[in-house]
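Worksheet for the structure shown next.
As the structure is a prediction and not an experimental result, all values here were calculated from the model. Residue numbers start at 1 and run along the sequence shown. Just so you know, these numbers use all the heavy atoms, side chains as well, and skip hydrogens, waters and symmetry mates.
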Amino acid sequence: NGGGRSRGAVQGNGDTAAKFREEMGLPLCDQYLRDGPAANLPQAAIYNTGENHWDKLSNWPLACETGCAAPLKPIYLQADGGLGFAGSGAGGDSYVSDPAKPVPHLPRPVNFNDGRWGDWLVSDQRHSDGRPDAMTYTTPVLTEAMRVSGAPIADLYATTTGTDGDFVVKVIDVYPAENASDPKMGGYQLPISLDIFRGRYRDSFAKPSAIPAGKVQHYKFRLPTVNHVFQPGHRVMVQVQSSLFPLYDRNPQTYVPNIFFAKPGDYKKATITLKRGGATPSAVLLPVVPVEQ
């Protein structure tokens, strides 16, 4: 029953929570608790985080891998930190993941008492961008709006010198460098969908297995649902890293039956190489649909 005017640095269009209660929660309660008129609610009511309003939809998701009106559209990791819908030549980008120096999920220092834990999902990702253990890929500035409505899927091909490892994939809306109406949002890197995947489960969640060191493996996993419009002047960014600490425990990067019982000697640096183009085109599959849909 709290207010919904903002989340972290991101401002909503008025009190979004009150609007939901008034336009959707109250009619439902009136119908079933007070024998009122039919609520006539939509099949799905989802907040549009790029245009700052509630979308009332007859179908959801608007795009998915199978069974939807629109398919997912791959946006590929490209050379020199590029990102785009066109494929590229074969190549790879490497980084060293060190369990002793994990990537934090918030800018340091991270503690439990500064009020940021409730807002970390919309925190500015510039604290990760530029780290040597976080790979960043960015599109050119968008000349027209682009809508994504559904669940993105990370689709990575990678090698590691270890025998286990995590993959964190973030889809980010990069704001223009200057924002006259809200200066604190200038250059802001807003994560719209992110998640972590433990490499041992790449083939089966029921039967985890060690990663063969030095051999290309396929990591495909679903990211959280989005309903967002990237505005003209913004850019789309994908970040890939191998830790998100202390939100998630560190992976020792040496395969052990149970990470909770890993010994200090199991925690080792590993070099991860993300493959691009050719037969191993790492990408994120995006639920791109027409803006007006």
| query | Would you find a donor on one side and an acceptor on the other, under 3.5 Å apart, between the side chain of Thr271 and the backbone of Thr161? | reply | no
| said: Is any side-chain heavy atom of Val169 closer than 4.5 Å to one of Phe221? | reply: yes
| query | Do you know the tightest heavy-atom contact between Tyr188 and Val122? | reply | OH-O, 2.6 Å
| task | Kindly work out whether a path of hydrophobic side-chain contacts (I/L/V/M/F/W/Y, heavy atoms less than 4.5 Å apart) joins Leu247 to Val168. | result | yes
| Leu106 backbone acceptor or donor facing Ser123 side chain under 3.5 Å | no
| Where do Ser128 and Pro104 come nearest, in terms of heavy atoms and distance? | OG-O, 4.3 Å
| Any donor-acceptor pair under 3.5 Å linking the side chain of Arg198 with the backbone of Pro208? | no
| task | Give me the one residue out of Leu156, Leu274, Val216, Thr159 that meets side-chain contact (heavy atoms from CB on, under 4.5 Å) with Thr280. | result | Val216
| message | Are Tyr47 and Asn52 packed together at the side-chain level, in the sense that at least one heavy-atom pair is separated by less than 4.5 angstrom? | response | yes
| request: For side chain to side chain contact (heavy atoms under 4.5 Å, CB included), just list the numbers for Phe197 and Arg202, CA-CA rounded to whole Å, side-chain angles, deciding distance to a tenth of an Å, and then say yes or no. | output: CA-CA 8 Å; Phe197 183 78; Arg202 68 201 178 281; 4.2 Å; yes
| task | Answer with yes or no whether the hydrophobic clustering places Leu194 together with Met237; edges join I, L, V, M, F, W, Y residues whose side-chain heavy atoms lie under 4.5 Å apart. | result | no
| query | Is the gap between the ring centers of His105 and Phe245 under 6.0 Å? | reply | no
| message | Just to verify, which of Val174, Leu142, Ile172, Val291 counts as forming a side-chain contact (heavy atoms from CB on, under 4.5 Å) with Phe230? | response | Leu142
| Taking side chain as C-beta onward, heavy atoms only, is Phe85 less than 4.5 Å from Lys73? | yes
| said: Is it the case that the side chain of Thr139 and the backbone of Val236 share a donor-acceptor pair, with hydrogens and angles ignored and the cut-off at 3.5 Å? | reply: yes
